[in-house]
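Contents: one structure, followed by commentary.
Because the structure is predicted, anything quoted here is derived from the model rather than measured. We count ligands from 1, going down the list as the structure has it; atoms in each ligand are counted the same way.
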Amino acid sequence: MDRREFLKCSVAAVLGLGFPFLLPATGEAAFSGAGGPTIYKRSLHFNSYAKRSSTDSIVIHHTGLSVDKDSTVQEIHRLHQQENGWAGIGYHYLIHKNGKIDQGRAPEQVGAHAWKHNGNTIGICVAGNFNLARPTASQINSLNALVAWLCMQYRLNPTRKDTILGHCDLNSTDCPGKHLYSLLGNVRRYCREFD
Ligand SMILES: [Zn+2]
């Protein structure tokens with residue numbers, strides 16, 4: 001890919017178009033924003049679509065199932081759509097145990113992850129139960145890279161107290177689990193240095 005083509009893809013990714021310039025054998029499409037991590041885009045059908053009017057905070061979640069395990073984006077999509085009756089998966093991103101980042105909702109879409117705060121926030125879910133276990137090093141690396149990149153894309157100041165939040169900062173929940181929540185200070189520091 002030449003530089004011009006790369007820039008074109010980067011701009012497409014930044015605009016949330018998810019321009020697929022890598023097509024691995026499994027049929028998944030991946031894209032990277034300029035200076036951002038690789039994000040895998042899955043083909044998911046959403047029942048409705050509403051555009052988010054502003055982006056002020058990034059909210060971190062865990063899947064929080066009864067056992068600490070990985071989940072596919074399709075599993076969560078099915079659960080949120082069929083069990084909860086939502087438009088589809090509520091999170092914008094899912095970070096797997098191996099650090100791979102999947103896109104859930106389109107970045108510009110209103111999420112369903114933090115009650116009363118979906119209109120101006122992005123939701124990132126880290127797969128696992130972090131009351132029972134610790135996130136993997138790969139998950140932390142990907143979380144740092146993704147949050148730092150989102151701060152750049154949306155011009156968010158990572159030093160502000162309400163920019164990078166745990167779900168429990170907004171709603172009555174123990175999400176994202178004590179072992180992940182205790183690491184959010186490190187994520188903020190990483191983003192500050194990256195900025
Ligand atoms: Zn949550």
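For Arg52 (side chain) and Pro107 (main-chain N/O), a donor-acceptor pair under 3.5 Å exists by modelled atom type.
Nearest N/O/S atom of His167 relative to the Zn ion (ligand 1): this is ND1. When the N, O or S atoms of His61 are ranked by distance to the Zn ion (ligand 1), ND1 comes first.
Using a 4.5 Å cut-off between side-chain heavy atoms of Ile, Leu, Val, Met, Phe, Trp and Tyr, with links allowed through other members, Val73 and Tyr93 fall into different hydrophobic clusters.
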### Task
Determine, step by step, whether Asp70 and Lys97 satisfy the salt bridge (charged side-chain N to carboxylate O under 4.0 Å, His left out) criterion, reporting the C-alpha distance in whole Å, the side-chain angles of both residues, the deciding distance to 0.1 Å, and the verdict.
CA-CA 6 Å; Asp70 213 341; Lys97 295 279 185 202; over 6 Å; no

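In summary, the aromatic rings of His167 and Tyr181 are positioned with their centroids too far apart to meet the 6.0 Å limit.
Among the atoms of Cys175, an N, O or S atom is found under 2.8 Å from the Zn ion (ligand 1).
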